[in-house]
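Letters A, B, ... mirror the listed sequences (proteins, then strands); counts begin at 1.
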Amino acid sequence: MPTRYWLMKSEPGEYSLDDLKNEPDQTEHWDGVRNYQARNFMRDDMQVGDGVLFYHSGKKPEVVGTARVVRTGYPDHTAQDPKNNHFDPKSTPENPIWFMVDIKFESEFKAPIPLKTLRDVAALKDMILLRRGNRLSVMPVTKKEFDTIVKLGGKK
DNA sequence: GCCAACGTTGGC
DNA sequence: GCCAACGTTGGC
């Protein structure tokens with residue numbers, strides 16, 4: 001399986017790249033995704049070693065750095081916790097509906113790249129992220145797109 | 001805070 | 001199986 005590339009969105013107020021960086025092992029499970037398309041990518045397609053662009057949505061939409069997939073899809077246990085915001089009574093241990101992967105911090109961009117800037121880069125014009133009305137929180141990016149963005153960001 | 005776009009739900 | 005109503009996402 002070739003290395004693939006992904007973009008993962010998070011509200012920094014919920015979970016930011018800094019939060020990931022400050023985990024004891026700089027690794028965290030990506031729980032809380034409740035969208036089937038995003039779920040399928042995590043359950044079926046993401047492989048250990050895949051590259052991840054970490055995107056902050058909200059007031060300052062921008063790509064802030066990179067991470068790596070370190071564990072392939074497994075059931076998202078938060079779906080079975082009635083106290084969790086993302087609780088889904090239809091998901092059971094025997095029949096889990098929702099899945100997550102583990103990602104590990106890799107790099108923080110010297111200069112985060114605002115969404116607005118991404119729109120101005122010709123090599124990125126086909127990105128799913130830039131499509132009108134896009135609401136996917138986990139989506140594939142091509143190697144070209146990934147490399148272009150990493151180059152724009154510059155490693156810290 | 002607004003609103004367009006989208007996914008999901010539920011009545012029929 | 002259709003589609004209106006609703007809730008949510010997320011850029012602006």
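Atom CG of A:Leu130 and atom C1' of C:dG11 are 12 Å apart (whole Å). Following rounding to the nearest Å, A:Asn134 (CG) and C:dG10 (P) show an atom-to-atom distance of 8 Å.
For A:Val48, the side chain to side chain contact (heavy atoms under 4.5 Å, CB included) criterion is met by A:Thr72, not counting sequence neighbours. Remark: A:Arg34 pairs with A:Asp76, A:Thr78 by the side-chain hydrogen bond (donor to acceptor under 3.5 Å, both in side chains) rule, at least two apart or across chains. Listed by chain and residue number, A:Glu11, A:Tyr55 satisfy the side chain to side chain contact (heavy atoms under 4.5 Å, CB included) test with A:Ser57 (two or more places apart in sequence, or in another chain). The side-chain hydrogen bond (donor to acceptor under 3.5 Å, both in side chains) check on A:Ser16 picks up A:Asp19, with sequence neighbours excluded.
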Inset, instruction - Can you check each nucleotide of nucleotides 1-9 of chain C against protein heavy atoms at under 4.0 Å and return B for base, S for sugar-phosphate only, - for none, in 5' to 3' order? - result: ------BBB

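Legend: side chain to side chain donor-acceptor pair (under 3.5 Å) pairs involving residues 113-131 of chain A, not counting sequence neighbours: none detected.
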